[in-house]
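One structure is given below, encoded as structure tokens.
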Amino acid sequence: MNRRLLWIFVASLGLAAAPAATDSGQGSPAATRLALVGGMLLDGHDAPPIHHAAILIEGDRIVQAGPLREVTIPAGTRIIDTSGRTMMPGMIELHAHLVLLGHGDYGRWFPWIEKQGRAQTLPQVMEIAAKQLLMAGVTSAVDLGAPLAESLAIRDRIAKGEVPGPRMWMSGPWLTRNVAIFPEDYQIKVTSPAQAAAETERLAAAGVDVIKAHAGLTRDDYKAIADAAHARKIRVHAHVYAETDVRNALESGIDVLSHAGSAGTAPPYSEQMITDIVNAGRPVVITAAHRSWVYPDTAAFPERLQDPQLKHDFPAPLYDEVQQSLQNWRALPYFSRTDREVFFRERGLKQFIEAGAIMGMGTDSGTPMNFHTEALWREAKAHVDMGMSPQRVISALTRVGATVLGRQRDLGTIEPGKLADIIVVDGNPLFDIVALAHVQTVVKGGKVYKE
Ligand SMILES: [Zn+2]
Ligand SMILES: [Zn+2]
């Protein structure tokens, strides 16, 4: 249905309303109005879909949402016809890396950036990542690990509308006892709980949105970090795989357990560990698909590495560099433990799904072969394939994600008063979750970024 026909359809139902000025109710009369009209609505709650629905947006907020016949659309409202498709809240990615673009080898990627001229190339890389996420339907994202100045700069430029991207929560450099292969200013080495607290305070004062605490910190380190962060009203995401790290993080008050369950520990976590996480109501962000699904899926379809979208998004030298890094992808050090991880992947994920843990969705997007363009729908598919209902997965991607961010008041569902972060996907994700790969429209804060 084209716009004109749609308008006639709306008018014929008696919904074409009075002139804007008398009908605006609340909100400034100057606020831009936008309506998404006709498609199925998944509002982010665990509720049945609303068919032939409409969403009315004024400025950056949702003002009405429901069955089309119950939504009053003022004359002059800009209309996007969503009929035949699905409307849902923008997705929330709880573990992304804007400094990475799927390149195969950190030992080569960071020197390449230096060689290109970091001052210019690193912000450019982060811009590409942010845009890819947004175009893939991600309207909010947590970045867990990048240099401090660049982290804050990209977040603020996105917020000002200078760069298209999701609303960003940036950790800046992570806190660790064991320095990894990443460059120095991506990580802060700590040697005592007191220093861990001081570094947390310094990052918070500099303006980060979350803290990332790496594996291998002591229980006292985690406790010091959590206390310092909470005093500043920010949350801590722990990068934890081994059960001891998970337990230390859980018991010292770390807010989000990231990666837990994804790395093929043998055996999967003890029942007591899972029970304690569930009873504590502590969210987990498993990042299940990175490596354990991405690797076998690439073996089955190596053509995915030449996805035309990547060629479209990357400047030629960057595309060539990424392609070269992936030429012998089976031998990359990043995948050296993948056999074991694939072996345990089902048990690792199912133990959380079946225990009813609070699960947000995050992907470690940007890591080798884990492209921002598609990481989140791959993660969603892994969860569905392991028995999580598509409806619960969509809640995890939206409403639960907002809770993990502490932003359930204004993000994560489609209802009056919330920020208008909405996507439209082709098809029915309740029937086939891979519909999330086909994001056709992206609205963030009432502004249309993709149509
Ligand atoms: Zn991590
Ligand atoms: Zn990560």
Side-chain angles (χ1 to χ4, degrees), residues 92-106 109-110 125-126 129-130 132-133 138 141-147 150-151 154 166 168-183 185-190 203 208-217 221-222 225 235-246 248-250 254-265 283-295 332-335 337-338 341 348 359-372 375-376 378-379 382 401 404:
I92 298 177
E93 160 67 85
L94 292 169
H95 192 141
H97 291 280
L98 298 187
V99 294
L100 305 174
L101 293 173
H103 186 283
D105 186 353
Y106 303 144
W109 172 240
F110 292 109
V125 163
M126 296 175 91
Q132 285 186 322
L133 286 168
V138 174
V142 179
D143 182 284
L144 292 175
E150 283 89 345
S151 294
I154 185 88
M168 293 300 309
W169 278 252
M170 307 299 295
S171 73
W174 60 81
L175 304 178
T176 184
R177 278 195 181 244
N178 310 302
V179 172
I181 187 172
F182 283 64
D185 58 348
Y186 287 66
Q187 44 198 331
I188 297 170
K189 186 173 166 64
V190 302
L203 288 169
V208 302
D209 308 285
V210 295
I211 298 289
K212 181 178 189 182
H214 217 268
L217 293 161
D221 294 337
Y222 284 129
I225 293 167
R235 298 185 176 193
V236 185
H237 295 236
H239 161 122
V240 280
Y241 289 99
E243 178 153 342
T244 3
D245 286 324
V246 175
N248 283 341
L250 174 74
I254 298 291
D255 303 277
V256 185
L257 305 170
S258 204
H259 300 309
S262 72
T265 48
V284 286
V285 176
I286 290 182
T287 67
H290 82 313
R291 298 195 290 258
S292 304
W293 267 270
V294 163
Y295 186 94
L332 292 170
Y334 185 74
F335 298 110
R337 292 185 316 254
T338 300
E341 290 168 5
M359 300 172 76
M361 291 277 167
T363 65
D364 225 358
S365 72
T367 52
M369 310 199 300
N370 193 19
F371 305 109
H372 300 291
L376 204 45
R378 286 183 180 277
E379 185 74 16
V404 174

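Just follow the structure's listing: the first ligand is 1, and inside any ligand the first atom is 1. Positions are given from 1 along the sequence. Side chains are part of it too, since the values below use all heavy atoms of this structure and drop only hydrogens, waters and symmetry mates.
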Quick one: side chain to side chain contact (heavy atoms under 4.5 Å, CB included) partners of Ala375, sequence neighbours excluded?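 Testing Ala375 for side chain to side chain contact (heavy atoms under 4.5 Å, CB included), a comparison that skips the adjacent residues, returns Thr363, Ser365, Asn370.
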Grab the two heavy atoms, one from Val125 and one from Leu100, that are nearest each other, plus how far apart they are.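 In terms of heavy atoms, the two residues are closest at CG1-N, 4.5 Å.
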Please state whether the separation between the Zn ion (ligand 2) and some N/O/S atom of His97 is under 2.8 Å?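 Of the N, O and S atoms in His97, at least one lies under 2.8 Å from the Zn ion (ligand 2), which means yes.
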Hey, is the Zn ion (ligand 2) within less than 2.8 Å of some N/O/S atom on His239?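 His239 does not place any N, O or S atom closer than 2.8 Å to the Zn ion (ligand 2).
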Out of curiosity, Leu98 CG to Asp143 CG, how far, rounded to the nearest 0.5 Å?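 These two atoms lie 4.5 Å from each other.
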Just to verify, which of Val240, Leu175, Val236 counts as forming a side-chain contact (heavy atoms from CB on, under 4.5 Å) with Tyr222?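 It is Val240; the other options fail the test.
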Do His290 and Thr367 have a side chain donor and acceptor closer than 3.5 Å?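 No pair is found: no donor N or O on one side chain lies under 3.5 Å from an acceptor on the other.
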Heteroatom N/O/S of His259 within less than 2.8 Å of the Zn ion (ligand 1):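 So His259 does bind the Zn ion (ligand 1) by this criterion.
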I'd like to know: is the Zn ion (ligand 1) within the 2.8 Å range of an N/O/S atom from Trp174, strictly under that distance?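 Within the cut-off used here (under 2.8 Å), Trp174 places no N, O or S atom near the Zn ion (ligand 1).
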Nearest 10° is fine: what angle sits at the Zn ion (ligand 2) between OD1 from Asp364 and NE2 from His95?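 Vertex at the Zn ion (ligand 2): approximately 90°.
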